[in-house]
Every structure is written in C-alpha cells, then in structure tokens.
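Below: one structure in structure tokens.
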There are 2 protein chains.
Amino acid sequence: MKLATLRNGRPDGHLVIVSRDLSRFASAGRIAPNLQAALDDWDRCAPILRAVSDQLDNNEIAGMRFVPSEALAPIPRAFQWIDGAGYMVHLDRVRSLKGSRDAELQDQRPLLYQGASDSLTGPTAPIVVPEGDLAIDFEAEVAVVTAHVPMMPSKEEATAAIRLIGICNDVSLRRLVADDLQNGFGFFHAKPSTSFGPVFVTPDELGENWRDNRVHLKVRSHVNKSLYGQPNAGIDMRFDFADLIVEAARTRELGTGTIIGSGTVANAHEEILPIRGNGIGFSCIVEARTMEKIKIGAPRTPFLKPGDRVRIEAVDENGRSVFGAIEQDVTLLAR
Amino acid sequence: MKLATLRNGRPDGHLVIVSRDLSRFASAGRIAPNLQAALDDWDRCAPILRAVSDQLDNNEIAGMRFVPSEALAPIPRAFQWIDGAGYMVHLDRVRSLKGSRDAELQDQRPLLYQGASDSLTGPTAPIVVPEGDLAIDFEAEVAVVTAHVPMMPSKEEATAAIRLIGICNDVSLRRLVADDLQNGFGFFHAKPSTSFGPVFVTPDELGENWRDNRVHLKVRSHVNKSLYGQPNAGIDMRFDFADLIVEAARTRELGTGTIIGSGTVANAHEEILPIRGNGIGFSCIVEARTMEKIKIGAPRTPFLKPGDRVRIEAVDENGRSVFGAIEQDVTLLAR
C-alpha cells in the first residue's frame, strides 16, 4: 500500500491511502490521525489500511483525486532522520572536497550522520535558502522508515524493522560543508530541511524490486528540463538498509518512525553531463562536477540557483513512477 | 509553572503540572495529551496550565504525590535535539582530546551538533551501554525548549521563542568520539540517548535567576557519593541561549518543541578532584582528567562503569532543587 499525508493546517497533517497508480486517495483519518500514530500502533493499523488500499485499487471505493501539491512529507516532522552513505561511488567522487575524508576509511562500516527531522519538506515545497551563492545541490536518495529497533540488533531484526520505503532530496549547501566538517561536530548548516516524495510505500508494493534490503529502481533526477541522472538504487549499494540500521543502533535504540536515507544513489561509470537517453549520470551536482574536473579539466555544471527546478522520481522497468515526484523550485528566503 | 510527563504506556506519556516544591502534581490530560501537543497549541494551553499551576501552589487543589521515578523525559521523544557549546572553558579543556579542534576556531560562532531526539531518557532511567569500557562519561547541561523559529531570526525573535527550561545529561562514550569525529560526519555513536530532569519550567519560574538568556543556577553533579562539580550555569557562558538559537537557524527553521542544550556547564578554575564544599569542580569526567594531567601529570578520576550512579541537579541560592534530580545508574545492555 501507498501512504501520504495531506495538508490540513496541523503540523502532522492528515493520513491518506493512495492508489497504486497515484491518481486517487481515501482518508485514513478514522484509522490513525497521522502516519506517526499509525506506525506507533502498526499491528492494529496496518491490516485496516491495507484493506482500504485493496478497495481503492479494486475500484470498490472511488476515492478522491490525489494532488501531490496538497501533500506534505509523508512524515512532516519525524523523531529521527539519519542519513547513511550506502554508495561508495558517491564517497569516492566527493572525497576530493575540502573537509571530506578518504573513502577507504569508510569501507568497513557505513558512515551515518544525524540529520534534522523537525521540518521535513513536502514534494513540491520550495527549497528555501538564505543566500543564493551557497553552492546549492540536491542529493537523490531512497529511504526507509523503521519500527522500534533495539540497541545492537541482529541483521535479521534490522531487516524485519523496515516498515516503509520512499525517496528524498537531501538538500546540501556545499559552500558550508567544509566549515561544518572542519569544526569537527559534523554536518549542521550544510544540511537544511530534507524533502520527501509524495508517498511512502510498504515493501511488498515493490514486488521483486525490493530484495536484499535494496530498492531496485532507477532514481531519475532532472534539473530544469535536463536529465542529470538515472542510476539504479539496487546497484553498487555497498551497505544495504539493514546494514545501515544495524550500524545506527550500535550504541542506542531507534524510535518507531526513524527514517534512514541510503545516501546519494550512485552507480560506477565514466560519463559526464549531458547524458544520453540511456546514460547513468548523477544524483547530485557535485559528482557531475568532480567527473568534469577529471575528464575535461574543470567543472562546468553549475550548482543550483534561485529559480531552478529539481525533479526526482523512482521509476520501475515500465517507466512508472513508484513514489510520485519530488519537484521543487529553489527560492531565496523572503525577508 | 513546572511541567512533567508521567509514564502511561504510550510513547509520549501523560502531561502533568508539578507544584513549585516538586512534591505534588495535577493532571493536564484535559488540556493537552502531552507536552509536544501543549507546545503546538501554546497560546491556548499555557494560560490554562498556569491557572492549574497556581491552584496547586496555593493548595486550592490537593494534587497527587509526584514521584520522579514515574516520570519520563518531559518530552520523551522530540522532533529535534541540538546541543550547543556555550562554555568555552569546556572546549578548552577537551581540545587536547584526539579528534577535537582548537577552541580558538569556535570563538566567533557557537559550535552545535545535531543529536538524536527519538528516545530521550527519563530522570531515573538507567544509562544502558553496549560495553563497559567505552570511557562512559556524563555531561551536565541546562537546556531550553523553543517555539517555532523562522530561518535567520533576530536575537529578539530567538529570545522570545524560549518556552521552557530544564537540565540534561548528554551521555558521552569518549572511546567512540575520536572515531566519530575522524570519519568527518560528526558525533553519532559517541552520543547515545540524552537524559532529562523530571520537569521543564517556564522562564518566569526562575525569577532573577533567568536573565541575559542564561540560567543563573549552580548545576551540581555527583558520581556515587562524591561531589564532582557545582559550576554556575550563568557564569562563563560565552554564547547565551538566544545566540545558540540564532546559530541553529542560520539555514533552516526550527520546529516547535526543539530542545537546545547549553553544552557542558564549565567555570574557569584550577582545581582538581576531590573538591571541597565550596569548590567549583566539573560537569563531566573528561574535564577533571584533563586538569589532572596538567596538575599532577596523569589522569586519575576513572570514567563511569556499570554500577556507578550519576546525580545531576540545579540548585538555587537557598539550595533548593529547581528541576528535580537526574539520578541514573550505568548498566550493561542485557543480551
């Protein structure tokens, strides 16, 4: 089943069940007031939500038209957002950046950072920046939402704790990364609010495209009208989602509704932008620029600026959008 | 007024109003189901909570006996926990630690790290560690809870956003700090669940002891029966709470109910442990050990081990405990 959260004037929004083709929704308000509440009481809620989902997909109930611009992030404020670094190719490509460390150090255990989860932004909300020249970048990722995870879980416990799957844009202000990392306390200002696709889905919704704790879908990113990348999130993921959960819970439990990102999806290749229709490309701009330095001596793909639009979606083998699209315009903070 | 959250089997607990002397409570269940909900609707809730608080303090209602061991953290799971580094003395004393940076770099703007907020622990909950030899330490701090803060607030807006004040124990696993910081992504495993005192209080509750956005109270820390420190949180705080909020909101808004810690409370002095009755001492063990290295050539105060007890409270000029005590035993994870 697919779940979304519609704007209702309250910070946690209103939970709805969305049809498989993302065209219609039915309210879940009588089952749980919001998605966190459903996760808190999942054993009771999940079967009822699934029954409504089946009725919607079988046209036994009509539902209402689902409009992504009415959607908040599926969990508009979460108790935890952790971003992992599942793809070593991404770390390899950015390790030359000032303040970053050699990727070899991270080959044994996945890197994680604790992100802000108080204000997760919706699929069509603007990316609001305080200044235009902060080397604004997107990072296209897949993410999972967990049940409660005890401290030091087994990989089996971690696997069983995966409740929902979605996509996100880990917005990054590259100009501030070096400053954040050099002061030694990790990312803070360089990682403002993360954005999420319109729906989170249960793993079964992906069929064979969810296996080995990886999402075997192409994650397609556009900037304005240009295709920047479409790597497969199931390929080159060195640490799978259960690995990321095990690592996150080494010294503490994880609360119900913890969201863990895959890190920027990246497949190994030697391309530069623009890519052709069957090219792989990149899930963030800084990787494209690194490859340009290597191939043509200097970066030429600009970072985002106010007015630019980023579009991210995950598509299956038939080109169908599984989670709907993140489609955000970069805008300057109004003051 | 003073607010606490009692255990009721639900993750967010049950909101209660506690008498000024911490002896009695009255349920706030009819006003708001939990503290986050009260903060979300503060303009409506605060006057009603305050009316009950007045009745309780004037003995117009009897209330029930308040037992701190029944209390969860006032916000048992928050949408955001940020820890600042308000006291340069603390940074000075720990900068010799492997992986830490020179304190001079941090003199212009306060350092902040994004902490985990999904599982904040209550005042008498054990400090559960996966292994006993992780150089387990406490960090006694004061903290504030904010209203929603817009991106790039003025210092006045930041000041006005401070809703509640409390104390916390930012538990630290020193053995894992170097590893966390050297990988470049900041604290993660070294900072497990943070613990909070039994009550959060409104700023007016502190009277003249809340001024200049600082908490002018002694923060007293014991390990087992020994007094380890009692520095005044109003002294040597280089960055006040409004400064910390302004810094935290440089590139993003802060959601309602964001908790921001002061950093380890530290006053300048040349003492080593044991301290006399009027000594200042330390709010964490690693500072005591650093001073021992300087004064006697080697550290001798051990880190915490399973079975040890940490007690932290803030006391006013009459020796009265303002927020109640954090009193935690270190225990090994049962497996």
Side-chain angles (χ1 to χ4, degrees), chain A residues 10-12 36 40 76-83 85 99-101 105-106 109 111-120 128-131 134 148 150-152 171 173 176 179-193 247-248 250-258 333 335, chain B residues 10-12 36 40 76-83 85 99-101 105-106 109 111-120 128-131 134 148 150-152 171 173 176 179-193 247-248 250-258 333 335:
Chain A
R10 299 291 303 160
D12 300 304
Q36 179 67 48
D40 287 339
R77 51 180 187 175
F79 295 111
Q80 180 152 249
W81 155 241
I82 295 169
D83 204 5
S100 296
R101 302 288 173 151
L105 286 176
Q106 281 93 48
R109 290 207 315 254
L111 274 180
L112 303 169
Y113 81 85
Q114 189 80 44
S117 56
D118 59 305
S119 309
L120 304 174
V128 180
V129 292
E131 299 168 42
L134 294 173
H148 176 267
M151 194 188 298
M152 298 199 76
V171 176
L173 306 175
L176 304 179
D179 206 36
D180 272 2
L181 298 191
Q182 284 182 341
N183 77 28
F185 272 25
F187 292 121
F188 196 94
H189 306 298
K191 297 285 189 179
S193 302
E247 178 69 8
R250 267 178 61 203
T251 62
R252 56 198 173 95
E253 59 185 45
L254 308 179
T256 300
T258 290
L333 178 67
R335 274 188 284 181
Chain B
R10 298 292 303 158
D12 300 303
Q36 179 67 48
D40 287 338
R77 50 179 187 175
F79 295 110
Q80 180 152 248
W81 156 242
I82 294 170
D83 203 6
S100 295
R101 302 286 175 154
L105 286 176
Q106 280 93 47
R109 290 206 316 254
L111 274 181
L112 303 169
Y113 82 85
Q114 189 80 46
S117 56
D118 59 305
S119 309
L120 303 175
V128 181
V129 291
E131 299 167 43
L134 294 173
H148 177 266
M151 194 188 298
M152 296 200 77
V171 176
L173 306 175
L176 304 179
D179 206 36
D180 272 3
L181 298 191
Q182 284 181 342
N183 76 28
F185 272 25
F187 292 121
F188 196 94
H189 306 298
K191 297 286 189 178
S193 303
E247 179 68 8
R250 268 177 60 203
T251 62
R252 56 197 173 95
E253 59 185 45
L254 308 179
T256 300
T258 290
L333 177 67
R335 276 189 283 178

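Every value quoted in this text rests on a predicted model; they were computed, and no experiment measured them.
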Of all of Asp118(B), Ile82(B), Leu176(B), Leu112(B), which one pairs up most often with chain A through heavy atoms under 4.5 Å apart?
Asp118(B)
Report the option among Arg10(B), Gln36(B), Glu131(B) that has the most heavy-atom pairs separated by less than 4.5 Å from atoms of chain A.
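The residue among Arg10(B), Gln36(B), Glu131(B) with the greatest pair count is Gln36(B).
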Quick check for you: among Pro192(A), Ala85(A), Ala190(A), which has the greatest number of heavy-atom pairs under 4.5 Å with chain B?
Pro192(A)
Of Glu247(A), Arg250(A), His148(A), Gln114(A), the largest count of non-hydrogen pairs under 4.5 angstrom with chain B goes to Gln114(A)
Please check: side-chain N/O of Ser193(A) versus main-chain N/O of Ser119(A), any donor-acceptor pairing under 3.5 Å?
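Side chain of Ser193(A) to backbone of Ser119(A), a donor-acceptor pair under 3.5 Å: yes, one is there.
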Is the ring pair Tyr113(B)/Phe187(B) parallel, tilted or perpendicular, if the boundaries are 30 and 60 degrees?
perpendicular
About how many Å separate CG of Leu173(B) and CG of Asp179(B), when rounded to the nearest 0.5 Å?
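Answer for the CG-CG pair, Asp179(B) versus Leu173(B), is 12.0 Å.
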So, the part of Pro130(A) with a heavy atom under 4.5 Å from chain B: the answer is both
Which of Glu253(A), Met151(A), Lys191(A) touches chain B most, by non-hydrogen pairs under 4.5 Å
Met151(A)
Quick one: does Gln80(A)'s side chain get under 4.5 Å of Leu254(A)'s, heavy atoms only?
yes
If you count heavy-atom pairs within less than 4.5 Å of chain A, which of Phe188(B), Phe185(B), Phe79(B) leads?
Phe79(B)
I'd like to know if the side chain of Thr256(A) and the backbone of Asp40(A) have a donor-acceptor N/O pair within less than 3.5 Å.
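No, Thr256(A) side chain to Asp40(A) backbone: no donor-acceptor pair under 3.5 Å.
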Taking every non-hydrogen pair under 4.5 Å, which of Ala116(A), Ser117(A), Gly255(A) racks up the most with chain B?
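Among the listed options, the one with the most contacts to chain B is Ala116(A).
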Among Ala78(B), Gly257(B), Pro11(B), which residue has the highest count of heavy-atom pairs closer than 4.5 Å to chain A?
Ala78(B)
